[in-house]
Amino acid sequence: MACTGGGKLWAGVAAVALVVIVAGELPAQQTTNPFRSQYGWGELPDGREWGATSAVYPSPDGDIWVAERCGENSCVGSDLDPVLLFDTDGNLLRSFGAGLISWPHGIFVEDDGSVWVTDASTSGAEEEGLGHTVLKFSPEGEHLMTLGTPGEAGDPPERLTRPSDVVVAPNGEIYVVDAHGPGDPNRIVKYDPEGNYLETWGETGYEPGQLHDPHAIAMDSQGRIFVGDRWNSRIQIFDQEGNFLEWWTQFGRPSGIFIDENDRIYVADSESSQADNPIQGRRNPGWERGIYIGDARTGWVEHFIPDTHPNPEEAATSGPEGVAVDRQGNIYGAEVGQRRMVKYFRLRP
């Protein structure tokens with residue numbers, strides 16, 4: 001069920017067909033997949049292999065930033081740069097961040113090129129004084145700001161606890177989804193442009209405005225904040241003061257969200273499970289893993305790119321967790337389970 005303020009919306013998907021029922025009406029919609037996949041996008045130097053990655057975002061110049069977990073699922077003890085800039089053909093342009101990030105998870109790039117990366121922390125990170133932070137870098141890799149206290153979980157204003165993602169509003173205010181797993185605080189933390197703490201909203205739960213594993217955050221042209229409330233298998237939408245506006249379930253179980261300048265919304269579902277997954281049980285049954293594409297203004301889903309994992313029911317995660325789009329409308333999927341980047345070429349309007 002999806003709560004939309006003035007009514008209710010139910011949605012279900014099987015294969016690539018989507019039927020949406022809005023306020024008692026029954027308009028049927030057939031989604032399409034106008035994309036072709038390129039696996040193995042992004043060439044790494046000196047035989048370096050891709051590790052897990054969930055962080056991808058375009059630069060203002062049209063290139064693609066990726067934060068990758070140092071050939072493994074952790075950068076603890078690694079001397080590799082986790083933050084990488086590629087051109088759209090997958091050629092590496094530059095990199096930075098070695099020794100500063102333990103578990104890169106989310107990424108956001110401002111119009112001036114500043115790069116924000118969340119370090120959600122992982123095993124061994126706290127002993128190295130890493131994790132529980134959001135870091136801001138210049139496009140060249142200069143470390144400009146840190147939100148949270150490295151290596152220390154806790155509460156604002158001084159600390160964060162495993163932040164998953166970040167978005168910066170046009171006025172410079174910073175919004176962090178602060179949680180990544182059971183027992184985490186499940187909240188959104190807001191800062192001013194200088195990194196001074198302003199407020200926190202959200203708590204653990206299932207009701208409107210409550211969160212459980214908020215995993216992604218994005219903002220549309222109206223300034224509305226879209227939160228991927230993953231454990232609750234929904235997107236929740238807030239204003240910039242934290243007032244709940246509505247929730248949507250028609251985009252699956254959101255691990256990643258990207259909204260372009262035309263308010264096209266791209267949502268990566270890496271966890272929906274049709275059957276009893278041996279690792280995590282049933283999650284959002286009736287939905288397919290993949291990338292849902294639609295209109296952030298209306299909530300209408302138009303395209304669906306299905307996950308290509310041969311046995312998704314046996315995998316805790318598969319397909320992209322992070323998603324971004326370039327100027328030509330091509331999509332980039334950052335995969336944790338398969339440890340790779342995938343580029344999806346748009347074939348037609």
Side-chain angles (χ1 to χ4, degrees), residues 55-67 83 85 96-97 100-101 104-120 132-150 155-179 185 187-202 211 214-228 235-245 256-265 296-297 322 324-325 327:
V56 57
Y57 209 92
S59 78
D61 297 330
D63 297 317
I64 304 298
W65 285 102
V66 179
V83 186
L85 180 65
F96 58 79
L100 297 176
I101 305 170
H105 193 277
I107 190 168
F108 179 82
V109 182
E110 294 188 74
D111 289 342
D112 67 359
S114 298
V115 181
W116 295 80
V117 180
T118 65
D119 185 355
H132 308 297
T133 56
V134 182
L135 297 96
K136 179 182 180 179
F137 299 92
S138 74
E140 292 73 34
E142 180 185 359
H143 183 196
L144 302 175
M145 185 187 298
T146 298
L147 305 177
T149 302
D155 298 322
E158 290 83 12
R159 293 175 177 81
L160 295 167
T161 300
R162 304 179 74 199
S164 282
D165 203 4
V166 58
V167 68
V168 181
N171 66 1
E173 291 181 334
I174 307 154
Y175 299 82
V176 177
V177 282
D178 193 32
R187 61 195 173 195
I188 299 168
V189 186
K190 181 178 177 180
Y191 301 86
D192 73 12
E194 286 70 46
N196 300 305
Y197 171 75
L198 295 176
E199 63 176 330
T200 298
W201 77 78
L211 303 162
H215 201 263
I217 190 168
M219 183 177 289
D220 70 0
S221 65
Q222 302 175 50
R224 298 183 301 167
I225 297 172
F226 289 63
V227 176
I235 294 171
Q236 291 203 64
I237 305 174
F238 301 89
D239 67 19
Q240 293 182 30
E241 285 67 52
N243 298 304
F244 170 79
L245 301 177
I257 303 174
F258 182 86
I259 301 175
D260 70 16
E261 61 184 6
N262 298 312
D263 281 336
R264 308 301 301 162
I265 183 170
R297 296 164 297 184
V325 181
R327 292 173 175 174

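All figures in this text were calculated on a predicted structure; none of them were measured in a lab. Quick note: numbers below take in every heavy atom, side chains included, and nothing from hydrogens, waters or symmetry partners.
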Which pair of non-hydrogen atoms, one from [X] and one from [Y], has the smallest distance, and what is that distance?
X: Val176; Y: Pro163; answer: CG1-CB, 3.7 Å
X: Pro58; Y: Phe258; answer: CD-CE1, 3.6 Å
X: Ile101; Y: Val83; answer: CD1-CG2, 3.9 Å
X: Ile257; Y: Phe226; answer: CD1-O, 4.1 Å
X: Pro104; Y: Ala67; answer: CB-CB, 3.7 Å
X: Val189; Y: Asp178; answer: CG2-CB, 4.0 Å

Can you tell if the side chain of [X] reaches within under 4.5 Å of the side chain of [Y], non-hydrogen atoms only?
X: Ile188; Y: Leu211; answer: yes
X: Arg224; Y: Met219; answer: no
X: Ile225; Y: Gln240; answer: yes

Taking [X] for its side chain and [Y] for its backbone only, find out whether a donor-acceptor pair lies under 3.5 Å.
X: Asn262; Y: Arg264; value: no
X: Thr118; Y: Ser164; value: yes
X: Ser59; Y: Asp61; value: yes
X: Thr149; Y: Glu158; value: yes
X: His132; Y: Pro150; value: no

For the pair Ile265 and Ile235, evaluate side-chain contact (heavy atoms from CB on, under 4.5 Å) and give the outcome as yes or no after the intermediate values.
-> CA-CA 11 Å; Ile265 183 170; Ile235 294 171; 4.2 Å; yes
For a side-chain contact (heavy atoms from CB on, under 4.5 Å) with Leu147, tell me which candidate from Val166, Leu135, Val134 qualifies.
-> Val134
Which residues satisfy the salt bridge (charged side-chain N to carboxylate O under 4.0 Å, His left out) test with Asp155, sequence neighbours excluded?
-> Arg187
Step by step, would you call Lys136 with Glu110 a side-chain contact (heavy atoms from CB on, under 4.5 Å)?
-> CA-CA 10 Å; Lys136 179 182 180 179; Glu110 294 188 74; 3.7 Å; yes
Which word best sums up how the rings of Phe238 and Phe244 line up, parallel for under 30°, tilted for 30 to 60°, or perpendicular for over 60°?
-> perpendicular
Tyr191 and Tyr197 aromatic ring geometry - parallel, tilted or perpendicular at 30°/60° bounds = perpendicular
Trp116 and Tyr175: CA distance, side-chain angles, deciding distance, ring pair (Phe, Tyr, Trp, His ring centres under 6.0 Å) verdict | CA-CA 11 Å; Trp116 295 80; Tyr175 299 82; over 10 Å; no
How long is the span from the [atom1] atom in [X] to the [atom2] atom in [Y], to the nearest 0.5 Å?
X: Ile107; Y: His105; atom1: CD1; atom2: NE2; result: 12.5 Å
X: Glu241; Y: Lys190; atom1: CD; atom2: NZ; result: 5.0 Å
X: Arg327; Y: Asp63; atom1: CZ; atom2: CG; result: 8.5 Å

Walk me through it: do Asp165 and Val167 pass the test side-chain contact (heavy atoms from CB on, under 4.5 Å)?
-> CA-CA 7 Å; Asp165 203 4; Val167 68; over 6 Å; no
Within a radius of less than 6.0 Å around CD of Glu140, do more than 12 heavy atoms belonging to other residues, nucleotides or ligands occur?
-> yes
Decide if atom CG of Asn171 counts as having more than 12 heavy atoms of other residues, nucleotides or ligands within a radius under 6.0 Å.
-> yes
